[in-house]
Amino acid sequence: METTTLASWNVNSLNVRLPHLEEWLKLRQPDIVGLQETKLEDPRFPDSVLAGLGYRSVFCGQKTYNGVAILSRRPIDEISCVMGIPGFEDEQKRVIAATVGDLRIVNLYVVNGQDVGTEKYDYKLRWLDAVHDWLAEELKSHPKMVVMGDFNIAPDDRDVHDPAVWNENHILTSTAERAALRRLMDLGLHDSFRLHNEEGGVFSWWDYRAAGFRRNLGLRIDLCLVSDALREHCTAAEIDREPRTWERPSDHTPAMVTLG
DNA sequence: ATGGTGGCCCGGCCA
């Protein structure tokens, strides 16, 4: 199979982070990129700028909050694009899917959930249920699938800086959230990072507050899941910390996977 | 971490 590099990056406003994205695309030259938290309405999406760097774009955004996009150096089958979870009424722009060659790319900005027990937490769990049922269907017609995104769930204790704080009752690590992620993965979706790395303390997000990055007080919540059919083709996975070191960074850094 | 910073549109929401 042709070598393909994919990345997921929550840019926390593409308006602010476009220079970072341009710089990083030139540096790493990924084939396919999923962006989250673009925070841009569609008419303002910088597709011509990205085209200048060789990337086609499909996007689904809104003002102020949320917003997702897929960029690709190869043709995107626009007919096959899906915006939102089919059958799940949702004002929030958190889901986009597209086909590139024989790869199905699903890009998710999973609900944060605020705090365990809140209305937003319930919405997160309902939303993840709907994603589960949709992906179960989607996998039947698209076995070669990459499900990437900001999952807003740290898979296990290796993925948090302090498991005493980030425990079974805490948002992003609670029992129900981890069970929902497990249920998604039980569809035959594998955390590419864990196919190649066993160590803890490798993070993709650090809070802007309390100098989180400098002290490496982070979480690994940005994931690239590969389907059963791609598992043996997954040759590498890493988190690229570099853009987090740049001036005025996103609080997230890209999670990458290589298929070959 | 009842705190802290950052992005949005304009003091409060969301992360």
Side-chain angles (χ1 to χ4, degrees), chain A residues 8-24 34-46 49 59-69 90-96 107-128 131 148-155 157 159-174 176-178 180-181 201 203-223 239 241-255:
Chain A
S8 174
W9 194 5
N10 180 325
V11 292
N12 185 19
S13 168
L14 187 51
N15 196 35
V16 173
R17 236 64 70 183
L18 182 57
H20 303 68
L21 178 61
E22 291 181 81
E23 184 63 26
W24 188 75
L35 302 177
Q36 305 88 34
E37 286 204 89
T38 55
K39 300 185 177 179
L40 285 176
E41 290 178 304
D42 292 344
R44 295 186 59 213
F45 194 89
V49 175
F59 40 87
C60 178
Q62 65 185 92
K63 198 189 283 189
T64 311
Y65 303 118
N66 309 312
V68 283
D90 196 356
E91 296 296 306
Q92 305 190 17
K93 307 299 189 188
R94 298 178 170 278
V95 171
I96 188 166
N107 179 30
L108 306 176
Y109 175 45
V110 174
V111 178
N112 174 286
Q114 193 174 39
D115 277 307
V116 174
T118 62
E119 206 167 294
K120 292 193 178 100
Y121 183 76
D122 291 339
Y123 166 54
K124 181 177 195 171
L125 297 178
R126 280 189 289 109
W127 189 94
L128 285 163
V131 167
M148 61 167 68
D150 175 359
F151 280 73
N152 269 317
I153 302 170
D157 284 352
D159 303 311
V160 308
H161 66 87
D162 185 355
V165 171
W166 299 92
N167 61 31
E168 68 275 10
N169 301 311
H170 201 287
I171 195 67
L172 312 191
T173 51
S174 72
E177 291 169 88
R178 282 179 166 168
L181 177 59
F203 305 132
S204 64
W205 171 84
W206 300 262
D207 202 315
Y208 285 124
R209 297 165 286 189
F213 183 64
R214 184 175 55 74
R215 301 195 287 158
N216 198 33
L217 306 181
L219 303 178
R220 192 175 68 88
I221 54 177
D222 299 274
L223 311 176
I239 292 172
R241 289 170 59 100
E242 188 179 337
R244 192 62 173 78
T245 69
W246 296 347
E247 283 297 316
R248 207 179 179 191
S250 169
D251 45 352
H252 296 252
T253 210

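Only this structure's heavy atoms are used, side chains among them; waters, hydrogens and symmetry mates stay out. A note on names: the letters A, B, ... follow the listed sequences, proteins ahead of strands, and every chain is numbered from 1. If you're wondering where the values come from, they're calculated on a predicted model, not measured in any experiment.
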A.B. asks: Say you pick atom P in dC9(B) and the same atom in dA15(B); how far apart are they, in whole Å?
C.D. replies: 16 Å
A.B. asks: Ignoring hydrogens, what is the shortest heavy-atom contact between E177(A) and Y121(A)? Give both atom names and the distance.
C.D. replies: OE2-CE1, 3.5 Å
A.B. asks: Can you name the nearest heavy-atom pair linking A69(A) to T38(A), along with the distance?
C.D. replies: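 For A69(A) and T38(A), the tightest heavy-atom pair comes out as CB-CG2, 4.5 Å.
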A.B. asks: Provide a list of protein-nucleic acid N or O atom pairs under 3.5 angstrom, restricted to nucleotides 8-10 of chain B.
C.D. replies:
from: dC8(B); atom 1: OP1; to: S13(A); atom 2: OG; distance (Å): 2.4

A.B. asks: When the distance from CD of Q62(A) to P of dG7(B) is rounded to whole Å, what number comes out?
C.D. replies: 18 Å
A.B. asks: What distance separates N112(A) CG from I153(A) CD1, expressed to the nearest 0.5 Å?
C.D. replies: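 That separation rounds to 10.5 Å.
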A.B. asks: Assess whether a salt bridge exists between R126(A) and D90(A), defined as any Lys/Arg side-chain N lying under 4.0 Å from an Asp/Glu carboxylate O.
C.D. replies: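 No, R126(A) and D90(A) are not salt-bridged.
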A.B. asks: Find the distance W205(A):CH2 to dG6(B):P and express it as a whole number of Å.
C.D. replies: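 Whole-Å distance recorded here is 14 Å.
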A.B. asks: Specify the separation, in whole Å, of atom CD1 of I221(A) and atom P of dA15(B).
C.D. replies: 12 Å
A.B. asks: Could you go through nucleotides 1-4 of chain B and list every protein N or O atom that sits under 3.5 Å from one of its N or O atoms, giving the distance for each pair?
C.D. replies:
from: dG4(B); atom 1: O6; to: R209(A); atom 2: NH1; distance (Å): 3.3
from: dG4(B); atom 1: N1; to: R209(A); atom 2: NH1; distance (Å): 3.1

A.B. asks: For W127(A) and V111(A), which heavy atoms make the closest approach, and how far apart are they?
C.D. replies: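 The pair with the smallest heavy-atom distance is CG-CG2, 3.8 Å.
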A.B. asks: Can you tell me how far C1' in dG11(B) sits from the matching atom in dG6(B), rounded to whole Å?
C.D. replies: 15 Å
A.B. asks: What contact category does Y109(A) fall into here, base, sugar-phosphate, or nothing, at under 4.0 angstrom with non-hydrogen atoms?
C.D. replies: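 Counting heavy atoms under 4.0 Å across all strands, the contact made by Y109(A) is with sugar-phosphate only.
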A.B. asks: Send over the distance from K120(A) NZ to dC13(B) P, rounded to a whole Å.
C.D. replies: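 Going from NZ in K120(A) over to P in dC13(B) covers 9 Å.
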A.B. asks: Using whole Å, what does the distance between atom C1' of nucleotide dG6(B) and atom CD of E37(A) come to?
C.D. replies: 11 Å
A.B. asks: With sequence neighbours excluded, what pairs up with T64(A) under the side chain to side chain contact (heavy atoms under 4.5 Å, CB included) test?
C.D. replies: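 Applying side chain to side chain contact (heavy atoms under 4.5 Å, CB included) to T64(A) gives none.
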A.B. asks: Identify the heavy atoms of W206(A) and R241(A) that sit nearest to each other, and give their distance.
C.D. replies: CZ2-NH1, 3.5 Å
A.B. asks: So, for P243(A) and P249(A), which heavy atoms are closest and what is the spacing to 0.1 Å?
C.D. replies: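 Heavy atoms only, the tightest pair is O-CB, 3.6 Å.
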A.B. asks: Could you tell me the separation between the CD atom of E247(A) and the C1' atom of dG6(B), rounded to a whole number of Å?
C.D. replies: 14 Å
A.B. asks: For the pair made of CG in N152(A) and P in dC14(B), what is the distance, rounded to whole Å?
C.D. replies: 14 Å
A.B. asks: Rounded to whole angstrom, note down the P distance from dC14(B) over to dA1(B).
C.D. replies: 23 Å
A.B. asks: Please report the distance separating the P of dG3(B) from the corresponding atom of dG12(B), rounded so that it comes out in whole Å.
C.D. replies: 16 Å
A.B. asks: Starting at atom CZ of F151(A), determine the distance to atom P of dA15(B), rounded to an integer number of angstrom.
C.D. replies: 17 Å
A.B. asks: Name the residue closer to the 5' end of DNA chain B, choosing between V111(A) and P249(A) according to the nucleotide with the nearest heavy atom.
C.D. replies: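 That would be P249(A).
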A.B. asks: How are the rings of F45(A) and F59(A) set to each other: parallel, tilted or perpendicular (split at 30° and 60°)?
C.D. replies: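 F45(A) vs F59(A) ring planes: parallel.
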